[in-house]
Amino acid sequence: MEKEEKTAITPTREEDYSEWYQQAVKLSDMAERSPVRGCMVIKPWGYSLWENIVHELDDMFKDTGVKNAYFPLFIPLGFLEKEAAHVEGFAKECAVVTHHRLEKNDGGGLVPAGPLTEPLVVRPTSETIIGDAFSNWISSYRDLPLLINQWANVVRWEMRTRIFLRTSEFLWQEGHTAHATETEAMERTKLMLNIYARLAEEYLAMPVTKGRKTESEKFPGAVETFSIETIMQDKKGLQAGTSHFLGQNFAKASEIKFQSFEEKEEYVWTTSWGVSTRLIGGIIMTHGDDNGVILPPRVASSHVVLIPIYRSSDDKAKVMEFVEKLGLEIKNLFYHHRKIRVEIDDRDIGGAKGWEWIKKGIPLRVEIGPRDIAKDSVYIARRDKPHREKISMKRDQFAKEIVNILDEIQNNLYEKALSFKEENTVSIDGGARFYEFFTPLNKDKPEIHGGFAFSHWCGTNECEAKIKEDLSVTIRCIPLNQNTDKGKCVCCGRPSSGRVLFAKAY
RNA sequence: CGGGGCGUGGCGCAGCCUGGUAGCGCACCUGCUUUGGGAGCAGGGAGUCGGAGGUUCAAAUCCUCUCGCCCCGACCA
């Protein structure tokens, strides 16, 4: 009888996915809850991951001509009221600042004083205040296109929060652009969607489905919303990035006008697009295993940890010298134009530290003891392989190969995620099969079930709503490469002209 | 915001029903022995039981209110 292998995370994904996620976040030391309702503290291990994502994305944005700027955290109430659909969408989840001073009360406590004449809304997104700036910045077609991005925090007073996936405050970037023509604005919308898809697939190793949102899932105020949709290991979908074509809605709301080459006054066409710290939750749920987080090398907080192993203090001196020297050498190597980040863990806490790094998801663990040094070699473990599967390698070869090894891990993670996505993506015809697919066998404690289902939809809000009502399944997107085979709506049986992506979602 | 569950050292939990003044495992600190897969022994530090109020001689335990977290739903990146 083989003894059951102990996992670093309890429970396993299979046993309780949601609890597994909480534990994976906690034990990776990426973030923790704060005393503030619904808000998180992002710890260094999580924040460096975010910083790496920021650097990569920022480069990609700038390559397309986007410039960074910064706009106020506070939005005058009146600004938010300008676009009707926008108000409708965000009004229910805004934090509002109503006072500008604190005073001591009789009990010695502090109470708000000095009411503001116009309350300020903590930005849930910045279309309105940036639109106001744009209206001042733009007067001629020569000022267009205007391509602006800001890295910022936003606040949305969510009813139900989940660390990284949905918190009241989160970090993100929001890009805002203004264009002279509809075509150009739409091109920009698609361009940014493609950048997000590239970020997800090439850097985060998360395969995506690109698509258009239905009327009911659209961003409040947008004409069209596009998104990248990813699948998590519990077979739920995660919207990982959005790009909106805003038409002239916000231009009209904020009076963003320009004089055209033909000397006519016209409204600009705008776009907005964003990704957030939610991506970190996506990485965890895409790649993590029952031993914790697995970080894709291209954005990993650190790439490799060197773990010295020694008996005597004599050994320790020798091992440490070897380790420090190797560390220095590797630190100066580049992995995709970024320096390799090295950790050296010389804490004297035995095998436990190896497990800590497994839980943190560092791509490479390298053990170095007297025996290795005698052979001038190192002992390597990859996080994408079983934790006991380790290989010995000559020290110099390791230094030479590390970049390739990291790439192998990166590719391997992507391939694994892609297989998972493909295995759990199905085309379903017929209501009965559709309902069966999305209904768990155990209703009290639903097991992991469902997946991505490409099915026919008649295009009406009623059917979309009914399916949501019955199964909590929504249309994640209408795929951009939608095949246009004819069929019947899985809900009402009326004719449909193409399949859309259905899934349960975060 | 509706339904359910839960809050006890850093983490995971027992104790609560049948009130008597807090315990276990891991982590942490010190020492010795160890060290290639979550080390052993000995000693030690740390909680007043989410918060407030009430009942009582006495409350982690009973009652009321409140805050927070988790799950399901509605809402959402």
Side-chain angles (χ1 to χ4, degrees), chain A residues 5-11 16-19 21-23 26-27 29 32-39 88-93 124-125 154-174 196 213 216-220 225 227-230 238-244 272-282 291 307-313 315-316 319 347-359 365-373 378-381 386-390 392 440 443-446 465 468-469 472 474 504-506:
Chain A
E5 185 98 353
K6 189 177 158 194
T7 59
I9 304 282
T10 320
D16 186 343
Y17 195 80
S18 179
E19 181 62 19
Y21 175 75
Q22 304 288 131
Q23 293 298 327
K26 191 178 291 179
L27 296 174
D29 207 32
E32 62 190 24
R33 274 192 294 282
S34 76
V36 187
R37 167 204 256 265
C39 294
E88 182 74 20
F90 285 105
K92 284 169 298 205
E93 52 184 32
T125 178
V154 285
V155 169
R156 295 179 188 176
W157 213 260
E158 300 290 350
M159 290 292 130
R160 189 175 158 196
T161 58
R162 273 168 158 283
I163 199 156
F164 283 128
L165 298 173
R166 179 172 303 106
T167 46
S168 293
E169 180 190 15
F170 57 92
L171 304 183
W172 78 345
Q173 57 68 216
E174 46 179 323
Y196 290 154
K213 286 293 190 185
S216 70
E217 297 271 336
K218 252 174 30 184
F219 174 76
T225 288
S227 70
I228 51 171
E229 301 289 330
T230 56
L238 182 78
Q239 180 175 308
T242 52
S243 187
H244 315 292
S272 70
W273 23 276
V275 296
S276 71
T277 38
R278 165 179 262 200
L279 288 173
I280 295 174
N291 288 323
I307 304 175
I309 289 161
Y310 45 81
R311 282 196 168 83
S312 62
S313 55
D315 280 350
K316 180 176 180 181
V319 171
R347 291 174 302 164
D348 186 13
I349 56 170
K353 63 185 170 188
W355 282 99
E356 279 188 21
W357 291 105
I358 290 175
K359 287 181 274 192
R365 308 188 302 286
V366 180
E367 291 169 23
I368 299 165
R371 268 187 263 157
D372 302 294
I373 294 177
V378 295
Y379 203 44
I380 304 165
H387 68 279
R388 284 182 201 285
E389 189 179 315
K390 293 183 244 188
S392 187
K443 286 220 166 60
D444 298 327
K445 192 176 178 296
K468 185 174 180 182
E469 167 89 33
S472 301
T474 49
K504 297 197 178 182
Y506 279 98

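In what follows, chains carry the letters A, B, and so on, assigned in the order in which the sequence lines appear, proteins first and then strands, with residues in each chain numbered from 1. All figures in this text were calculated on a predicted structure; none of them were measured in a lab.
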Any A:T125 side-chain nitrogen or oxygen under 4.0 Å from OP1 or OP2 of B:A77 = no
Could you tell me whether A:A240 contacts a base, only the sugar-phosphate backbone, or nothing, with contacts defined as non-hydrogen atoms closer than 4.0 Å?
-> nothing
Using a 4.0 Å heavy-atom cut-off across all strands, classify A:T474 as base, sugar-phosphate, or nothing.
-> nothing
What is the pairing partner of B:C32, taking Watson-Crick or G-U wobble pairs with both distances under 3.5 Å in any strand?
-> B:G40
Side-chain donor-acceptor contact under 3.5 Å, A:H244 with A:T225 | yes
Using a 4.0 Å heavy-atom cut-off across all strands, classify A:I358 as base, sugar-phosphate, or nothing.
-> base
So do the side chains of A:R365 and A:H387 get within less than 4.5 Å of each other, counting heavy atoms only?
-> yes
Considering only the P atoms, how many Å lie between B:G3 and B:U66, rounded to the nearest integer?
-> 13 Å
Electrostatic pair A:K92:A:E158 at N-O distance under 4.0 angstrom = no
Taking the side chain of A:T161 as its heavy atoms from C-beta onward, which of B:A74, B:G38, B:C70 lies nearest to it?
-> B:C70
Between the OG atom in A:S392 and the CD atom in A:E367, the distance rounded to the nearest 0.5 Å is 10.5 Å
So, are A:E169 and A:R37 salt-bridged, with charged N and O less than 4.0 Å apart?
-> no
Could you give the distance separating B:G50 and B:G7 at their C1' atoms, to the nearest angstrom?
-> 6 Å
Quickly work out the A:E356 CD to B:C28 P distance and round it to whole Å.
-> 8 Å
Determine: side-chain N/O of A:K213 to OP1/OP2 of B:A77, distance under 4.0 Å, yes or no.
-> no
Within the structure shown, what part of the strands sits under 4.0 Å from A:S472 by heavy-atom distance: base, sugar-phosphate, or nothing?
-> sugar-phosphate
Quick one: label A:E158 by what it contacts on the DNA or RNA (base, sugar-phosphate, nothing), any heavy atom closer than 4.0 Å.
-> base
Please determine, for the side chain of A:R37, which listed nucleotide (B:G68, B:A74, B:G38) has the closest atom?
-> B:G68
Of A:I163 and A:A8, whose nearest nucleotide on RNA chain B comes first from the 5' end?
-> A:A8
Complement of B:C26, any strand, by Watson-Crick or G-U distances under 3.5 angstrom = B:G10
May I ask you to say what A:S18 touches in the nucleic acid, namely base, sugar-phosphate or nothing, with a heavy-atom cut-off under 4.0 Å?
-> sugar-phosphate
Can you tell me how far CD of A:Q22 sits from CD1 of A:I9, rounded to the nearest 0.5 angstrom?
-> 11.5 Å
Interatomic distance at C1', B:A58 relative to B:A22, whole Å = 16 Å
Rounded to whole angstrom units, what separation is found between the CD1 atom of A:I309 and the P atom of B:U34?
-> 17 Å
Looking only at side-chain N and O atoms, does A:R162 come under 4.0 Å of OP1 or OP2 in B:A77?
-> no
Expressed as a whole number of Å, how far does the P atom of B:C6 sit from that of B:A14?
-> 10 Å
With sugar-phosphate meaning primed atoms plus P, OP1 and OP2, does A:G274 contact a base, only sugar-phosphate, or nothing at under 4.0 Å between heavy atoms?
-> nothing
Within less than 4.0 Å of OP1 or OP2 of B:C69, is there a side-chain N or O belonging to A:R33?
-> no
Indicate, with a heavy-atom threshold strictly under 4.0 Å, whether A:R156 touches base, sugar-phosphate, or nothing.
-> base
Could you work out the separation of B:U33 and B:C70 based on their P atoms and round it to a whole Å?
-> 47 Å
Does B:C1 have a Watson-Crick or wobble mate here (both distances under 3.5 Å), and if so which one?
-> B:G73
Which is true for A:L279 with a 4.0 Å heavy-atom rule: it touches a base, it touches only sugar-phosphate, or it touches nothing?
-> nothing
Integer angstrom distance from the P of B:C69 to that of B:U56 | 35 Å
Under 4.0 angstrom, heavy atoms only, what part of the nucleic acid is A:S227 near: base, sugar-phosphate, or nothing?
-> nothing
Provide the distance between the two P atoms, one in B:A27 and one in B:C62, to the nearest whole Å.
-> 33 Å
Would a distance-only check, ignoring hydrogens and angles, find a side-chain to backbone donor-acceptor pair under 3.5 Å from A:R278 to A:Q239?
-> yes
Test A:Y506 against A:F164 for ring-ring contact (aromatic ring centres under 6.0 Å, His included), laying out the working first.
-> CA-CA 11 Å; A:Y506 279 98; A:F164 283 128; over 10 Å; no
Name the nucleic acid region contacted by A:K26, choosing base, sugar-phosphate or nothing; use a 4.0 angstrom heavy-atom cut-off, strictly under.
-> sugar-phosphate
When you match A:T242 and A:G369 each to their closest nucleotide on RNA chain B, which lands nearer the 5' end?
-> A:G369
Let me know the distance between OH of A:Y196 and P of B:A77, rounded to the nearest Å.
-> 13 Å
Watson-Crick or G-U wobble partner for B:C62, using a 3.5 Å limit on both distances?
-> B:G54
Tell me what A:P308 touches on the nucleic acid: a base, only sugar-phosphate, or nothing, going by heavy atoms under 4.0 Å.
-> nothing
Using the C1' atoms only, state how far B:U8 lies from B:U61, rounded to an integer number of Å.
-> 11 Å
How is A:G38 classified with respect to the nucleic acid when contacts are heavy atoms under 4.0 Å: base, sugar-phosphate, or nothing?
-> sugar-phosphate
